[in-house]
Amino acid sequence: MIDPVQAFVQVYNSMPPLIQELIRFLYSEPFIKAAIFPGALFSTLLGMFAVWFERKLFARVSLRVGPLHVGRVAGILQLIADAIKFLSKERIIPEGVNRPLFVLMPCLALILSLLLYAFLPFGAGWIIYPSDIGLLLFFLVAALSPIPIVLAGYASRSKYPFIGMSRIALQLFGYEVPLFLALTGVVLSTRTLNLEKIVEAQAVVPLAVTQIIGFIVFIITLLAETERLPFDIPTAEGEIVFGWQTEYSGVYFLMIQLAMFEKVLAFCFLGAILYLGGWLGPPIPGLPESISAPFWLILKGLILFTFVALLRGAYPRLTIEKVLDLGWKYLIPLAFVNLIITAGISLISGYSAITL
Amino acid sequence: MDTALWTLVLYLILTIVAPPIFYIVSVLIAPKKPSRVKRMLFESGQTPIPARVAPFPIEYFPYVIIYIAYAVFAVIAFIVVLDMLRSSESLVRGLIILAVITAGSIYASTQLPVLKQRLERGGRG
């Protein structure tokens with residue numbers, strides 16, 4: 001019998017130094033984190049899973065079966081078939097569009113959406129870039145993400161994308177303020193911008209209980225920021241064709257769709273981290289904490305995503321005036337009320353205890 | 001380089017190469033038979049009417065003003081809220097900024113319903 005470990009060591013030692021270096025690099029912590037978990041491979045697979053999951057769930061809500069034929073179980077390979085379909089479509093750039101913007105903006109949208117995962121901790125130590133201002137960095141990237149969308153609509157130079165673009169500009173920028181204010185409440189009650197410390201602060205009770213108003217505001221702004229129903233007036237299929245994405249097809253459309261789903265999921269995970277206690281959960285017998293922690297967080301994030309996806313089956317679309325009224329007239333005051341309550345509790349519960 | 005930063009740089013490189021990979025796969029497997037009809041803008045099968053760029057709807061202009069004011073305040077609050085809580089002086093300053101912004105936005109929202117008529121009147125006169 002040959003010992004596989006020893007055989008590997010022998011083969012490894014007989015390799016040229018350059019390949020040895022490469023193997024060491026592939027096995028190093030930075031590469032595993034950046035490329036596998038919680039990095040590129042994980043976020044891409046998760047995005048594809050979410051597309052399938054949402055289609056299946058929405059089909060069940062409307063008494064259909066959903067993806068069925070591709071793949072042995074429940075059409076699980078449908079998402080791969082869809083990806084291949086989009087990739088094998090002809091790349092059409094319509095007449096009169098602003099070509100550089102039209103081609104670059106879907107790429108930029110995808111890059112920005114994927115970049116959100118760099119700041120999300122999936123367990124103690126399971127984070128690509130741990131930082132004391134993690135929440136701020138996340139929102140730096142999230143605040144940039146409307147720009148490629150608005151420019152993509154502008155670059156199409158056509159009327160349906162234009163209508164969708166003007167709607168999405170109003171909607172995304174309008175809901176950014178309540179989102180910031182809701183998160184200010186979280187920062188105020190946990191006294192840190194570090195996402196890992198925010199999770200640790202929820203060891204006793206999750207912030208969804210103590211920050212219930214902030215949590216409601218966060219969920220509504222999540223839906224609006226990621227264009228989910230009932231806030232999908234910028235794409236509104238059946239009214240303005242497909243809104244700002246009308247002129248996009250093939251690989252560009254695939255990139256936009258993937259970017260949108262990655263963004264929804266990143267926001268769902270952020271919600272789970274900030275309000276639902278993150279990776280804290282009962283220990284699973286037989287599993288080390290380094291595996292059970294990401295499991296709980298992914299479970300919580302997917303539960304939040306299920307809720308978001310179910311709303312698609314339950315609500316009709318709001319008109320743009322109502323969307324703006326809700327954001328400016330109700331959510332911002334609500335977020336301020338939440339902030340004032342939190343500040344009051346913080347002041348009462350111990351002025352001297354405040355340390356950064 | 002420190003490990004965390006190096007991980008971030010690696011991840012950034014991976015995210016930046018993702019769109020070109022999609023594009024290259026598409027170049028390899030997609031057909032290429034361009035025609036004029038395919039390149040026309042979407043118009044439900046009709047000949048497109050070339051009304052391509054329109055001004056932004058003016059009815060929503062006050063929202064832009066409110067947005068600029070509140071976005072700045074929200075970002076400031078997000079960053080300095082802990083300091084505000086610690087010293088009463090900066091809390092008072094924060095409340096003054098908030099009061100000014102709120103006064104401005106209340107004015108803007110009262111102007112919102114009548115703005116369109118005022119603009120039309122101005123245009124005629």
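- Put simply, of B/T15, B/I16, B/I13, the one with the most heavy-atom pairs under 4.5 Å next to chain A is B/T15.
- For A/K33, the salt bridge (Lys or Arg N to Asp or Glu O under 4.0 Å) criterion is met by A/E29, not counting sequence neighbours.
- Neither the backbone nor the side chain of B/P20 comes within less than 4.5 Å of any heavy atom in chain A.
- Inter-residue side-chain proximity for A/S166 and A/Y154 is flagged as unmet; no heavy-atom pair is nearer than 4.5 Å.
- A 4.5 Å side-chain heavy-atom check between A/I36 and A/F42 finds every atom pair outside the cut-off.
- Proximity to chain B (any heavy atom under 4.5 Å) is shown, for A/E90, by both the backbone and the side chain.
- The residue among B/A4, B/P34, B/A18 with the most heavy atom pairs within less than 4.5 Å of chain A is B/A4.
- Interface remark: A/L110 contributes side-chain atoms only to the contact with chain B (heavy atom separation under 4.5 Å).
- For a residue to count as touching a neighbouring chain, one of its non-hydrogen atoms must lie under 4.5 Å from one of that chain's; by this rule A/I163 does not touch chain B.
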Checklist entry - Taking it one step at a time, do A/E247 and A/Y160 satisfy side chain to side chain donor-acceptor pair (under 3.5 Å)? => result CA-CA 9 Å; A/E247 300 297 343; A/Y160 305 108; over 6 Å; no
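- Separation of atoms CG (A/L140) and CG (A/L135) is listed at 11.5 Å; rounding is to 0.5 Å.
- With a 4.5 Å cut-off on non-hydrogen atoms, A/S113 does not touch chain B at all.
- For A/L115, the parts lying under 4.5 angstrom from a heavy atom of chain B are both the backbone and the side chain.
- Here A/I128 is the residue among A/V251, A/I128, A/L136 with the most heavy-atom pairs under 4.5 Å with chain B.
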Item to check | Residues A/S145, A/K263; criterion side chain to side chain donor-acceptor pair (under 3.5 Å); working and verdict | outcome: CA-CA 9 Å; A/S145 63; A/K263 194 175 166 189; 3.2 Å; yes
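- In this structure, chain B has a heavy atom under 4.5 Å from the backbone of A/I93, while its side chain stays farther away.
- If you tally non-hydrogen atom pairs under 4.5 Å between each of A/T246, A/T184, A/L254, A/I127 and chain B, the highest count goes to A/T184.
- Side-chain contact between A/V141 and A/Y117 is absent, with no heavy-atom pair separated by less than 4.5 Å.
- If you measure heavy-atom distances from B/L14 to chain A, the contacts under 4.5 Å come from the side chain alone.
- Taking the ring axis of A/F162 as reference, the NZ or CZ atom of A/R167 does not stay both within 45° of it and closer than 6.0 Å to the ring centre.
- Only the side chain of A/F336 comes within less than 4.5 Å of a heavy atom of chain B; its backbone N, CA, C and O stay farther away.
- The ring-ring contact (aromatic ring centres under 6.0 Å, His included) check on A/F25 picks up A/F31, with sequence neighbours excluded.
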